[in-house]
Structures are given as structure tokens and as C-alpha cells.
Amino acid sequence: MGFRPTALRLANELNITGEVKNSGGNVQIIAQGENKALVEFIRRLIDIFKIESLKEEISHGCYKEFKIVHSKNDCTVPFITPDLATCEHCERELKDENNRRYAHPFISCINCGARYSIIKALPYDRENTTMSQFPLCEKCQEEYTASDNIRCHAQTIACNSCGPKTNIPISQAVEILKSGEILAIKDIGGYHLACKCESEIAKRLREIKGRETKPFAVMFGSVDEIKQYCEVSKKEEALLTSTARPIVLLKKKKDLPKGICDGSDFIGAFLPCNPIQILILEKASPLIMTSANISGEPIITDDEVIKKFGVKVLSHDREILTPLDDSIVKIVQGRVQTIRRARGYVPLAIKVGIEAKSDILALGGDLKSSFAIMHSCYIYPSQYYGDLENEDCLQKYKSNIERFKALHSFSPKTVICDAHPMYCSSQIFPADRKIQHHLAHAYSVIAEHNLQGDTLSFVFDGTGYGDDGAIWGSEVFLNTKRVEHLEYTKMIASDEISKNADLCLACYDKSNPLINKAIENNINTVNSSSMGRLFDAVSALLDIKHFNTYEGECAIALESCARKAKKPFYIKHSFSPTEIINEIKKANAPKQEIALGFHYMLAELILKTAEKYGVEQIVLSGGCFNNEILTSRTIELLESKNFKVYLNSIVPCSDQGICVGQAYLQALEQSKE
């Protein structure tokens with residue numbers, strides 16, 4: 001990022017001749033000069049380096065100057081920079097009335113701006129981006145070629161004269177928002193729907209999106225403003241202000257108006273990541289800022305499609321090639337957890353400890369879908385796409401696999417999918433191998449931490465197809481062998497079971513005669529070891545929440561209730577859901593204490609199981625470990641007994657992460673051949 005211009009400036013300063021060029025996603029430099037100058041040149045460019053050999057074929061005096069030459073796409077390991085938030089330098093210019101880029105909605109430099117979302121092909125040069133349709137004016141051309149300018153060879157360079165244009169002035173967009181209307185805003189990776197943080201407007205927004213109760217993310221103009229509403233640690237502030245500008249889940253200390261983030265102890269807060277947002281938030285902050293889509297559908301990038309919402313639109317004429325949602329992260333026990341990996345992080349590669357003999361395409365799963373391609377010792381996970389049962393999501397997923405392959409020049413020889421026989425992702429490409437869902441979860445952690453030796457993995461989630469045809473979800477693996485799980489419960493085989501917590505509870509406690517009859521006669525039933533369903537059942541049993549209007553709502557409500565307890569009610573740990581439910585029924589304590597006791601019981605169950613198998617390296621994965629109380633308590637107990645605990649960090653612990661585990665497991669298999 002800005003490497004070639006930096007090399008040019010240093011070379012001119014140190015009287016070095018030669019050339020620098022992009023080579024796919026890498027940089028190639030030929031430099032000649034005095035030995036002392038060359039060592040200084042290398043030292044200031046590269047933190048760690050090793051001199052392997054002299055290039056005798058380069059004769060002295062063949063370069064009269066140092067220059068940036070036309071790029072080539074001939075590298076073997078390509079790397080593409082993700083979209084980057086507006087840097088401090090550009091933000092100062094953006095707000096400087098005396099600067100020629102004052103209020104320019106697309107200001108950027110070598111250190112910031114759109115990248116992945118606008119790249120057509122490697123190498124990363126202007127003609128290979130959607131900025132190619134905007135010829136540089138004379139002043140921008142001068143800056144582009146001046147070695148001492150921050151926009152020297154900045155491929156997104158533009159100004160008010162020659163850059164992209166918005167359809168309405170930013171000032172008009174601000175007035176629309178201030179007047180209480182909902183505004184669709186075209187950003188880096190797609191459209192957002194934005195509005196003031198007021199209950200009635202939020203209600204209208206929910207009706208437009210078909211979003212019943214799930215909390216909205218809120219964009220603030222500054223960290224100081226966020227601190228008025230949320231607790232913000234140094235690590236959380238670093239995430240908020242990072243170049244990725246993710247949504248950060250922060251503990252509330254002051255609530256927003258009703259209807260914005262009810263039912264949650266957290267606010268999904270984030271800062272502006274591009275000039276349009278900076279200019280708007282400077283005048284109208286805070287704002288609800290949510291992806292422009294009907295719930296369950298992909299984020300909208302098309303200027304025509306956005307009109308179906310019937311709201312006013314702030315658009316622009318720079319094409320978006322790749323749809324990107326906002327990334328979501330949080331801090332748990334001082335560790336970063338990625339909830340959704342998208343803008344700002346994709347398509348960064350993950351370096352792992354083994355090398356694929358040939359390119360691998362891992363298709364992931366259907367819920368929170370994401371694919372990955374493994375090339376050499378790098379895994380490249382895609383962004384989040386949503387539920388592939390939605391036709392629009394499926395088409396975006398399929399088209400972006402092809403784009404990803406073409407952009408990186410990948411040629412997958414092996415295709416891996418989830419073991420579920422009915423998954424859409426398993427149908428679209430002929431798969432060479434199917435990998436069990438929860439094992440892929442476990443190995444997504446092992447891959448990103450490069451773990452060697454034995455591991456004991458705990459994978460807790462809602463649903464995954466098991467090797468025996470049952471629905472798994474509370475699995476313990478010693479390396480690749482399943483060794484423990486919640487005892488099977490016969491459940492109704494219906495999508496309703498993941499939504500209706502009362503129905504779920506009835507399968508455990510046999511309290512519904514009709515459900516009992518269906519179970520006794522094996523009418524549309526399936527064996528389940530799901531931990532997610534146990535969370536739902538406990539939520540219903542304690543009369544906290546009875547229905548999931550979005551994934552995990554009952555579990556989130558149960559965690560929120562537990563957070564209000566001053567102490568936990570002791571519940572004996574067990575792999576038997578029946579015993580756990582009966583213990584809770586007999587409990588004579590406030591439901592807050594019982595809820596906390598349930599979380600503590602699961603953490604103790606993990607500890608006792610870890611002690612039983614005596615494996616030092618403990619892996620935690622699956623959507624249940626998005627639960628802060630469960631995860632924190634588990635880490636505390638395990639580390640107090642000197643276990644080493646690993647959980648997903650740069651890879652989501654939800655189903656978005658399983659593509660990474662799939663790719664890694666296949667590379668392991670290749671290494672045995």
C-alpha cells in the first residue's frame with residue numbers, strides 16, 4: 001500500500017537508480033547504488049530482510065534514474081488490499097476550506113480509500129479499477145507523478161473537477177436526514193439506509209427492512225460521542241479507529257431511544273469510514289446506519305434496485321464490483337472476536353502452517369455463508385453472503401466465487417463442501433469431499449493459530465449435519481475424533497424448532513401431549529445434540545424469551561438476564577439435557593441467578609471434560625461462543641488450570657468460519673498423499 005511511491009522517494013533521497021513495479025499482488029524492485037545507500041534503502045523499506053545472492057546479470061550503470069514502471073501480473077501468491085477508511089491526512093484536507101479537495105466526497109491517497117470493492121483485475125493499477133472511467137485533470141496528473149506527493153501513484157486519486165460525482169449535494173443529504181426522513185446512501189461496498197436515532201423513524205425503517213426486533217448499528221461522529229453511550233476500552237477504541245472501521249459491540253452505559261437496540265446490553269457502534277459518511281456525520285450525528293437490504297437478502301449495490309424502498313437516495317457514479325457489508329467485532333477477555341468478516345478485512349489472506357499441493361475451493365455452509373480458496377500456505381476467505389436459501393444471496397455467492405477466482409488467478413483443483421446433503425452450497429459445484437460441519441469449525445481455529453500437536457475442541461452451536469444423520473451442535477473432538485456431546489434428544493424436524501423456544505422446550509421436558517405423540521411415533525423427528533436449542537429451551541423455561549425473530553435472540557436474552565445476577569445459582573454439570581432441565585425446574589432462586597448458573601455450569605462442563613482428556617490445547621468454536629459470559633467464564637476456568645485456550649479471532653466462530661476449516665482439513669489430507 002503506497003509501497004512504490006515510497007520506494008521512489010527514498011531512492012531519490014539516497015541517490016539510487018533502478019525501478020519498482022507491481023507484480024500481481026507483490027512488489028519487485030531493482031536498485032543499484034553505493035553499498036551503504038542500498039542497505040539504508042532496504043532497511044527503511046523492509047523491517048526484516050535477508051540477502052540471499054547477488055544479481056550479477058544487472059550491470060553497473062544500466063539505470064540512469066529510479067522510476068515506477070508498468071505493472072505485471074506474474075506473481076504466484078497474490079495479495080489484494082481491502083477497502084481502507086479515510087486517513088487523518090485526507091480528513092484534514094476534506095475539512096479545509098482552503099484545500100482544493102475541500103468537501104470532495106471521494107478524497108483518498110496512497111494510504112486510504114476503496115480497494116477490493118473497485119478492483120477489476122490485478123495488478124492494482126488505475127486502468128484495472130472502476131476509477132478508470134474518470135480521466136485525471138492536469139493538477140491530479142501532476143500529483144500522481146510527483147514522487148514527494150502523498151498521492152503519487154495513488155490509483156484512486158481524484159478531485160472535485162475530475163472524480164466521481166454524487167447525484168445530490170451532501171448538504172441536501174444532511175437536510176433530508178435532519179428532517180426525519182430515511183436516506184439510502186451509496187457507500188464503498190453497497191447502500192446503507194440511514195436515519196436519525198428516533199423511535200418513530202426507527203419503526204418506519206424496521207417496516208421497510210422487514211426487521212422486527214434485531215438491534216440496529218449506530219454510526220457516531222467521534223469516539224468521544226460513542227463514549228457518551230458506551231464503555232470503550234483502549235483495545236475497543238483501537239478497533240473503532242482502525243483502517244477497517246468495523247462495527248464494534250460495546251457495553252451500554254446510556255441507552256438510545258426505544259426501538260434502536262432494545263433487548264441488548266450492547267450497542268453496535270462504528271465511525272465513518274469514507275468521505276461521504278464523514279461529511280454527513282459532521283452535521284448529523286449519531287445515525288442509525290444499516291445495510292440496505294430486506295432482512296435475509298444481500299446488501300444492495302444497484303442504483304435501480306434501491307428505488308424499491310421508496311426513500312430518497314444519495315448515490316454516485318463510481319461502480320461497486322463487490323458487495324461488502326460492514327464487519328462486526330468485539331473484545332472478549334482481551335481478545336478480538338470477529339462476528340462478521342467483510343469490509344476492511346476481505347480479501348486479506350490467512351497464513352497457515354501447511355501448504356496446499358493444489359488450489360482448494362471450500363464452499364462453507366448455507367447459513368452465514370462464506371467460501372474460501374486455499375493457495376500455497378494461504379487461505380483467502382470471502383466476505384459474508386447470508387442465507388443461501390435466498391435466491392439473490394445464492395446468485396451473489398456464485399458470481400463472486402467466479403470473480404474471486406479470476407481476480408486472484410486461482411484454479412481450484414479440489415472442491416470441498418459441508419456434509420449436509422441438502423445444502424445449496426453442496427449442490428452448485430461437484431464436490432470432491434464432504435467435511436463434517438463441526439469438525440470444520442474446530443479446524444478453523446487450529447488453522448488460524450497454526451496449532452501443532454493434540455487439541456481438544458469444543459464446538460457449540462445450533463445446527464450441523466452429523467456423520468450419523470443426527471443434528472449435532474455440542475461436539476467435543478480429540479483431534480478429528482468425536483469423543484463427547486450432549487445426549488441426543490428427539491426433536492421435531494422442522495425449521496420452526498429453531499424459532500419457537502416453547503416447542504423446543506417441549507421436546508426436552510415432554511410437557512406437550514401432541515409433541516409427545518409425534519416423538520413416540522417417530523413422526524417427522526430427528527435426534528439432536530444441539531447446544532443452541534438447549535439455550536432456547538432454558539430461555540423459555542425461565543420465561544425470558546419464547547421466540548427467535550432473528551437467530552440467537554432467545555440466547556441473547558438469556559445472557560442479558562444472567563448479566564443482572566449478583567451471584568450464580570449452582571447447577572450440576574451434565575451432558576444430559578434432561579438432567580439440566582430438571583435441575584432448573586427444581587431451582588428455588590431468582591431467574592437471573594439461574595440463568596447465570598446455567599452459563600457457569602456449561603463452563604464447568606468444559607473444564608471437567610478438558611481435565612478428563614488431559615490435552616493442553618483447548619479449542620472453542622461455534623456460534624454459542626459469541627456469548628460473552630460463557631466464553632469469558634470458560635477461559636477463566638481453563639486458564640486457572642493452565643490449559644491453553646484458543647478461539648476464533650480473525651475468522652468468525654459462526655458458520656462464516658467453517659470454509660477456513662474445510663480448506664485446512666483438505667490441505668492436511670493432501671499432505672498425507
Less than 4.0 angstrom from a charged side-chain N to a carboxylate O is my criterion; do [X] and [Y] meet it?
X	Y	answer
E91	K95	yes
D83	R115	no
R44	E13	yes
E143	R100	yes
E142	K139	no
K351	E448	no
E669	K357	no

Is the distance between the ring centroids of F79 and Y378 under 6.0 Å?
-> yes

Could you tell me whether the side chain of R341 and the main chain of I650 form a donor-acceptor pair under 3.5 Å?
-> yes

Does the H449 side chain pair with the main chain of L647, one donor and one acceptor, at a distance under 3.5 Å?
-> yes

List the steps and the verdict of side-chain contact (heavy atoms from CB on, under 4.5 Å) for T322 and R403.
-> CA-CA 9 Å; T322 301; R403 168 168 158 72; 2.6 Å; yes

If you measure from CD1 on I157 to CZ on R101, what distance do you get to the nearest 0.5 Å?
-> 5.0 Å

In a check of side-chain hydrogen bond (donor to acceptor under 3.5 Å, both in side chains) between D326 and each of H192, R245, R340, which one passes?
-> H192

If you draw a 6.0 Å radius around NZ in K644, do more than 12 non-hydrogen atoms from other residues or ligands fall strictly inside?
-> no

List in chain and number order the residues that pass salt bridge (charged side-chain N to carboxylate O under 4.0 Å, His left out) with K165, two or more places apart in sequence or in another chain; answer none if no residue qualifies.
-> none

Please step through salt bridge (Lys or Arg N to Asp or Glu O under 4.0 Å) for the pair E402 and K405, ending with a clear verdict.
-> CA-CA 5 Å; E402 297 306 317; K405 285 159 59 178; 3.5 Å; yes

Verdict with reasoning, S315 to Y191, per side chain to side chain donor-acceptor pair (under 3.5 Å) | CA-CA 9 Å; S315 184; Y191 277 95; 2.9 Å; yes

pair L451-V619: side-chain heavy atoms closer than 4.5 Å | yes

Do the non-hydrogen side-chain atoms of Q617 and D454 ever get within less than 4.5 Å of each other?
-> no

